[in-house]
Participant: 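Mind looking over this structure? Questions follow.
Numbering starts at 1 and runs along the sequence shown.
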Amino acid sequence: MPTNQESLDIKKAMAYDLLIILKGKEDQTFTADELEKIIQAYIVDLTQK
């Protein structure tokens, strides 16, 4: 079980990864459903590594 600090670091890393993904698509706008699909794809990718 991760410590509180490790858990916070993991959450920050995930948020940063998602920001990088979205910044790569700055010319687009996203609906809530599209953002959910991006996040789900990110999680699936992590679990397959």
Side-chain angles (χ1 to χ4, degrees):
M1 184 94 173
T3 66
N4 284 343
Q5 185 60 49
E6 289 170 333
S7 182
L8 181 60
D9 289 344
I10 291 166
K11 291 173 186 175
K12 286 180 183 179
M14 184 185 82
Y16 181 75
D17 287 346
L18 291 170
L19 283 173
I20 296 300
I21 291 167
L22 294 173
K23 281 189 145 251
K25 301 173 182 284
E26 285 183 345
D27 58 330
Q28 297 179 9
T29 56
F30 300 97
T31 65
D33 287 339
E34 291 169 329
L35 288 172
E36 181 180 351
K37 287 178 185 176
I38 289 169
I39 294 168
Q40 287 174 340
Y42 172 84
I43 293 168
V44 167
D45 184 59
L46 284 179
T47 58
Q48 293 180 349
K49 290 183 178 181

Participant: Rounded to the nearest 0.5 Å, what's the gap from CG on Leu35 to CD on Gln40? Could you check?
Facilitator: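 Leu35 atom CG to Gln40 atom CD measures 11.0 Å (nearest 0.5 Å).
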Participant: Donor-acceptor check, side chain of Glu6 to backbone of Thr3, threshold 3.5 angstrom: yes or no?
Facilitator: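 Flag set: sc Glu6 to bb Thr3 pair under 3.5 Å.
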Participant: Could you go through residues 7-27 and list every donor-acceptor pair under 3.5 Å that involves a side-chain atom there, pairing it with any protein atom two or more places apart or in another chain?
Facilitator:
from, atom 1, to, atom 2, distance (Å)
Asp9, OD1, Gln5, NE2, 2.9
Asp17, OD2, Tyr42, OH, 2.6

Participant: Flag the pair Ile39 / Glu36 as yes when at least one side-chain heavy-atom distance between them is below 4.5 Å, and no otherwise.
Facilitator: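 No; the side chains remain at least 4.5 Å from each other.
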Participant: Can you establish whether the number of heavy atoms outside Asn4 located under 6.0 Å from its atom CG is more than 12?
Facilitator: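 It does not: Asn4 CG has 12 such atoms or fewer within range.
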